[in-house]
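These notes are about the structure you will find just below.
Order of appearance sets the numbers: ligands from 1, and atoms from 1 within every ligand.
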Amino acid sequence: MGLNKKSVDDINVKGRRVLVRCDFNVPLKNGEITDETRIVAALPTIKKLIGDGGKVILCSHLGKVKNGPNEGESLAPVAKRLSEKLGKEVKFISDYNVTGADATAAVAAMNEGDVVLLQNTRFRGKEETKPEEAGDAFAKELADLADDYVCDAFGSAHRAHASVAGVTKFITEKGGSNVVGYLMQKEIDFLGNAVENPVRPFVAILGGAKVADKLNVINTLLEKCDTLIIGGGMAYTFLKAKGYEIGKSLLDDTKIDYCKEMMEKAEKAGKKLLLPIDTVCIDDFPNPIDDPSISTTIVDADKIPADKEGADIGPKTIALYADAVKSAKTVVWNGPMGVFENPVLATGTKEVAKALSETSATTIIGGGDSAAAVNQLGYADKMSHISTGGGASLEFLEGKKLPGVYAADNR
Ligand code: 3PG
Ligand code: MG
């Protein structure tokens with residue numbers, strides 16, 4: 001898909017202050033970054049701006065920040081790791097106010113090619129509110145620090161937040177440019193091509209717990225793909241809609257009619273809609289979720305006992321899905337096939353990842369849990385593209401306009 005937006009290649013940043021919104025929302029354990037994918041993915045744009053003599057002011061959110069600013073959600077570990085990756089100092093502004101005197105002074109002292117990282121944008125709270133409420137004030141303060149703005153936060157591009165989209169109007173007001181970075185371009189090229197211009201057969205695989213979270217993406221992908229594969233918790237609502245008994249399996253009972261509608265839609269359009277034909281059942285949901293001693297039984301999908309609950313796809317289903325992937329030319333995957341946090345119930349998700357690693361098709365992993373699964377299993381190198389966005393890639397696949405993309409200047 002040609003993205004008709006200005007990019008970092010279209011502006012001259014020499015000597016200019018450039019505010020770059022990244023998605024540095026990385027997982028942390030005891031203050032240590034456990035997956036640096038999003039940091040690595042941001043490097044090409046940052047290096048380009050440094051090389052061109054820009055004064056690079058980075059910003060990002062981290063976590064949900066439900067209880068106000070706190071050291072546990074500080075971006076300090078990101079500054080450290082980023083500095084190692086770039087091989088140069090990343091000056092971290094630890095002030096919980098994000099903007100303000102410290103940030104202003106640090107920016108004023110910057111030389112060409114210097115890099116500053118602001119504190120977690122969500123520490124301002126207002127970040128998450130609608131621009132007309134108070135986000136505008138914060139957006140303006142961010143814009144005041146810079147001359148131009150680069151959005152490279154694909155993972156956050158579905159959020160109409162101050163630092164993602166709100167800031168652009170103030171940059172425009174002062175005559176600056178709003179552009180997208182290389183990561184945004186790459187993500188949109190892969191995801192956009194897959195849905196708008198796929199080499200066929202195009203197989204889409206959707207998993208995850210709830211039908212309600214995937215309503216629009218099921219509908220949209222059904223129109224675009226040749227085969228739609230459903231796994232994960234949401235498959236049981238489809239099985240129920242087929243008239244099967246599903247025991248204690250996850251059921252979205254307000255979505256049964258929707259599932260029927262989707263099955264009819266597939267039928268009419270001559271699309272294949274694949275559902276599990278067998279399932280791994282458990283007596284009760286594991287507690288803790290990763291309890292390895294949980295016992296399982298495998299039954300056909302139309303024979304789930306009343307007192308059991310489906311928790312993964314079974315071996316026949318794995319074979320069916322792997323076969324569909326084998327003959328595909330384009331595959332998009334979002335969402336696990338079962339309770340993959342549990343080693344006993346992760347087989348379906350692992351085997352789908354393996355099938356994708358072995359196909360010659362273009363394989364696109366739509367972020368979130370499926371990306372984590374692929375990374376954990378060591379298949380990352382075997383995939384054509386692993387999105388850094390979870391919610392963002394899903395909304396993109398739904399055909400929604402992402403605020404972080406559309407706020408950029410047109411070419
Ligand atoms: C993500 O990890 O999904 C992105 O960084 C967006 O985070 P959010 O869902 O908290 O807005
Ligand atoms: Mg999210």
Side-chain angles (χ1 to χ4, degrees), residues 20-29 33-43 45 58-70 72-75 77-78 81-82 98 117-131 133 135 138-139 142 150-167 180-181 183-184 186-188 191 206-210 212-214 216-217 333-336 341 364-376 385-398 400-407:
V20 188
R21 176 53 156 102
C22 296
D23 186 344
F24 290 142
N25 184 22
V26 291
L28 292 169
K29 202 171 185 181
I33 296 166
T34 55
D35 182 346
E36 63 178 20
T37 306
R38 283 176 165 174
I39 295 175
V40 172
L43 295 176
T45 296
L58 306 171
C59 68
S60 174
H61 77 288
L62 188 144
K64 298 285 182 194
V65 194
K66 287 198 173 128
N67 301 310
N70 64 91
E73 287 175 309
S74 163
L75 278 171
V78 171
R81 185 68 63 94
L82 188 61
V98 189
L117 173 64
L118 303 179
Q119 185 54 283
N120 187 342
T121 49
R122 285 189 185 167
F123 281 6
R124 284 293 296 267
K126 305 293 189 288
E127 167 81 340
E128 292 220 65
T129 59
K130 294 191 185 76
E133 283 167 16
F138 180 43
L142 286 169
V150 177
C151 184
D152 211 19
F154 181 74
S156 316
H158 58 316
R159 306 286 183 213
H161 289 172
S163 65
V164 178
V167 62
V180 296
L183 176 62
M184 288 284 274
K186 183 172 157 215
E187 293 269 14
I188 289 161
L191 293 165
L206 289 177
K210 295 203 313 225
D213 293 341
K214 305 271 159 101
N216 296 323
V217 77
W333 177 27
N334 183 293
E341 298 90 338
I364 297 160
I365 314 302
D369 291 338
S370 11
V374 165
N375 282 326
Q376 268 167 35
H385 180 68
I386 302 177
S387 177
T388 54
S393 60
L394 211 53
E395 291 197 19
F396 187 85
L397 292 173
E398 284 172 10
K400 276 200 196 146
K401 292 192 167 186
L402 306 183
V405 178
Y406 283 87

Give the minimum heavy-atom separation between M184 and A157, together with the two atoms involved.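 Taking every non-hydrogen atom into account, CE-CB, 4.1 Å.
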Check each atom of ligand 1 against the heavy atoms of [X] and keep those under 4.0 Å away; list them by number with element.
X: R122; result: 8 (P), 10 (O), 11 (O)
X: D23; result: 4 (C), 5 (O)
X: N25; result: 1 (C), 2 (O), 4 (C), 5 (O), 7 (O)
X: R159; result: 8 (P), 9 (O), 11 (O)

With H61, the side chain to side chain donor-acceptor pair (under 3.5 Å) member among R124, E73, R21, E127: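 For H61, the side chain to side chain donor-acceptor pair (under 3.5 Å) check succeeds only for R21.
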Which one holds for E127 and ligand 1: side chain close, backbone close, both close, or neither close, with close meaning a heavy atom under 4.0 Å?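 Looking at E127 and ligand 1, no heavy atom falls under 4.0 Å.
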Should H158 be counted as touching ligand 1, given the test is an N or O pair under 3.5 Å?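 No; the residue has no nitrogen or oxygen that sits under 3.5 Å from a nitrogen or oxygen of the ligand.
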Could you check if a side-chain atom of L142 sits within less than 4.5 angstrom of a side-chain atom of L118, using non-hydrogen atoms only?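 Heavy-atom side-chain distance check passes, below 4.5 Å.
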How about V180 and I188: do any of their side-chain heavy atoms sit closer than 4.5 Å?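 Not in contact.
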Option set H161, R38, K64, criterion heavy-atom distance to atom 3 (O) of ligand 1, minimum: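 Closest candidate by heavy-atom distance is R38.
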Go through K214 and N334 one step at a time and tell me if the side chain to side chain donor-acceptor pair (under 3.5 Å) criterion holds. CA-CA 10 Å; K214 305 271 159 101; N334 183 293; 3.2 Å; yes
Indicate whether the side chain of S393 and that of E187 have a donor and an acceptor atom separated by less than 3.5 Å.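 Their side chains do not contain a donor-acceptor pair, so the 3.5 Å distance test is not met.
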Consider ligand 1: state whether an atom of it lies below 4.0 angstrom from any non-hydrogen atom of G155.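 Yes, that is the case, since the closest heavy atom of the residue is under 4.0 Å from the ligand.
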